[in-house]
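Reading through the structure tokens given below for one structure.
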Amino acid sequence: MTATIGVGLIGTGYMGKCHALAWNGVKAVFGDGPRPRLVHLAETDADFARQRADAFGFERATGDWRALIADPEVDVVSVTTPNAFHAEMAIAALKAGKHVWCEKPMAVSLRDAEAMAEAARASGRIAILGYNYIQNPLMRQIGEILDAGSIGIVNHVRLEMDEDFMADPEALFYWKSEASSGYGALDDFGVHPLSLLLQLFGPVTRVFAHLSKPYADRPTREGNRRAVETFDIASILFDIGEGISGVMALNRSAWGRKGRIALQIFGSKGSIVYDQERMNELQLFLADGDAATQGFRTILAGPQHAPYDRFIPAPGHGLGFNDLKLIECHELLRAIAGEPARVIDFEAGLGIERAVHAMARSQAEQAWVSL
Ligand SMILES: NC(=O)c1ccc[n+]([C@@H]2O[C@H](COP(=O)([O-])OP(=O)(O)OC[C@H]3O[C@@H](n4cnc5c(N)ncnc54)[C@H](O)[C@@H]3O)[C@@H](O)[C@H]2O)c1
């Protein structure tokens, strides 16, 4: 009989649904590992929790997340609440002996992120962060192209992450404009490009950042205006080790950009270009052969790019954002089983947090900050 693993889910918004879809689908897609048993779901009130539990397929529902943590049948907890709750919930789950799958950013303060890493170490449990973009099969392919040396020695990386959900100056003030959520674009967006850099090249070694606010205030539900406490735009220079310089541009108020994570990697023998808005293709330029016929070629995702084949046998049909989360869920289960897994755990995640806080310090001091 297939083993099961008891799942708890805290939060059922955008990411909560995404985790629920992953837990519901992972066994069907991959076929291996334990069968997730959706045991307990927590929301801010009991009625809403019950509604969501019915929709997502969870057995029990609660308006008190601590009841979920205390449930002995929960083995792993998805934390998908706003940033300010991550540390408290993840640490409580680890202390109760649960594995943790926590959304990014890890925490708002560096002290909380350190406490989370410490709690993970002390627990001996698996604790990972929701860095889904590293799970794109084409990101693995980019890693293989780099490892094979096909584009030579990499000397420059450019990353942009832009969306327009905060582009309207009259959009309502909500938790993402509060300082309790963090710095703004830096930790909401910056952590994702940092996760890609970490996976492909290693940690950034120094940073210089400039943060800005496109709008000073926003309307509230109550009909007033409230000062925006976070920076929706960030521009960062960075280095990775000795040889690679980089630029990162982040904007949560970039009209027309919907889910852009544009990555350009330049090497001594070629270049790679990728954009999350076209997540099933990458562009490769190799500086070889006849210059007259050189040019970028498009590589379309297909079953040869594992684990695309687990979803669909046909090439070019495309994976979606939720599929990346499902792959992340499978990697988490591999880590729990003691198998090698492509995950960013709390230890590696702490490095990303240190980079974010170094960027904020750079803005405050108007100087390069080394890590
Ligand atoms: N990995 C990604 O690509 C990605 C994308 C979007 C958001 N996120 C992260 O996911 C987290 C949640 O963001 P979201 O967009 O899903 O937010 P959201 O507002 O859509 O959902 C948050 C949910 O948490 C619930 N909640 C709040 N406090 C709670 C509590 N004390 N107990 C139980 N439930 C509670 C809310 O009622 C809501 O349903 C954030 O940390 C965000 O940075 C990650």
Side-chain angles (χ1 to χ4, degrees), residues 8-22 40-53 55-56 58 60-70 77-90 92-93 100-109 112-113 116 128-136 139 161-163 165-166 172-178 180-196 230 232 250 252 258-261 276-277 279 320-329 331-332 343-344 349 352-353 356:
L9 173 69
I10 312 180
T12 64
Y14 170 18
M15 271 308 107
K17 186 173 206 174
C18 196
H19 280 234
L21 289 172
H40 215 144
L41 177 150
E43 251 299 342
T44 43
D45 80 75
D47 287 345
F48 184 45
R50 186 66 262 162
Q51 253 178 49
R52 299 303 257 177
F56 293 177
F58 281 77
R60 296 192 268 283
T62 176
D64 171 12
W65 62 271
R66 289 188 185 278
L68 179 154
I69 302 276
V77 179
S78 278
V79 177
T80 71
T81 46
N83 309 351
F85 298 103
H86 293 181
E88 189 186 11
M89 291 173 174
V100 172
W101 183 12
C102 179
E103 267 314 317
K104 53 52 63 177
M106 194 168 174
V108 177
S109 73
D112 276 352
M116 289 166 81
I128 73 155
L129 293 154
Y131 286 120
N132 25 273
Y133 298 113
I134 68 166
Q135 304 297 347
N136 189 327
M139 224 25 92
M161 182 159 178
D162 301 315
E163 292 186 27
F165 64 95
M166 297 180 92
L172 281 185
F173 187 103
Y174 79 126
W175 65 265
K176 287 206 175 188
S177 290
E178 274 178 35
S180 64
S181 71
Y183 301 112
L186 265 195
D187 32 18
D188 193 18
F189 278 14
V191 294
H192 278 304
L194 283 166
S195 75
L196 297 177
T230 50
D232 296 331
L250 314 168
R252 304 195 293 192
K258 303 298 179 186
R260 178 174 169 84
I261 305 180
Q276 174 65 23
E277 281 184 357
M279 60 171 278
F321 176 87
N322 285 330
D323 299 328
L324 302 186
K325 214 69 192 162
L326 191 148
I327 298 170
E328 184 173 86
C329 183
E331 293 297 317
L332 166 63
V343 290
I344 293 187
I352 291 178
E353 296 301 313
V356 163

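Bear in mind the structure is a predicted one, so any value in this text is a computation, not a measurement. Each ligand, and each atom within it, is numbered from 1 in the order the structure gives.
- Here atom 27 (C) of ligand 1 lies nearest to P82 when heavy atoms of S181, P82, G11, P105 are compared.
- The closest approach between a heavy atom of M89 and any atom of ligand 1 is below 4.0 Å.
- Distances shorter than 4.0 angstrom do not occur between any heavy atom of C18 and any atom of ligand 1.
- The shortest separation from a heavy atom of H86 to ligand 1 is under 4.0 Å, placing the residue in contact.
- For T80, every heavy-atom contact with ligand 1 shorter than 4.0 Å involves the backbone, none the side chain.
- Taking distance alone, with nitrogen or oxygen atoms compared against 3.5 Å, K176 stays at or beyond that limit from ligand 1.
- Residue W65 places no N or O, backbone or side chain, under 3.5 Å from any N or O of ligand 1.
- The ligand atoms of ligand 1 that sit less than 4.0 angstrom from a heavy atom of T81 are 11 (C), 12 (C), 24 (O), 26 (N), 29 (C), 34 (N), 35 (C), 40 (C), 41 (O).
- Nearest-heavy-atom check against atom 19 (O) of ligand 1 across W175, Y14, F189, Y174 picks out W175.
- With respect to atom 42 (C) of ligand 1, the closest heavy atom belonging to the protein is K104 O, 3.5 Å.
- Interface of H192 with ligand 1, defined as ligand atoms under 4.0 Å from a residue heavy atom, comprises 1 (N), 2 (C), 3 (O).
- Geometrically, ligand 1 and M15 share a nitrogen or oxygen pair separated by less than 3.5 Å.
- Here Y131 has no heavy atoms under 4.0 Å from ligand 1, in either its backbone or its side chain.
- Per-residue contacts place I10 under 4.0 angstrom from the following atoms of ligand 1 (heavy atoms of the residue considered): 33 (C).
- Proximity of F321 to ligand 1, defined as any heavy-atom pair under 4.0 Å, is confined to the side chain (atoms from C-beta onward).
- Under 4.0 angstrom from ligand 1, the non-hydrogen atoms of E43 come from both its backbone and its side chain.
- A donor-acceptor pair under 3.5 Å is absent between the side-chain atoms of S181 and the main chain of P82, judged by distance alone.
- Listed by atom number, the atoms of ligand 1 under 4.0 Å from G130 heavy atoms are 1 (N).
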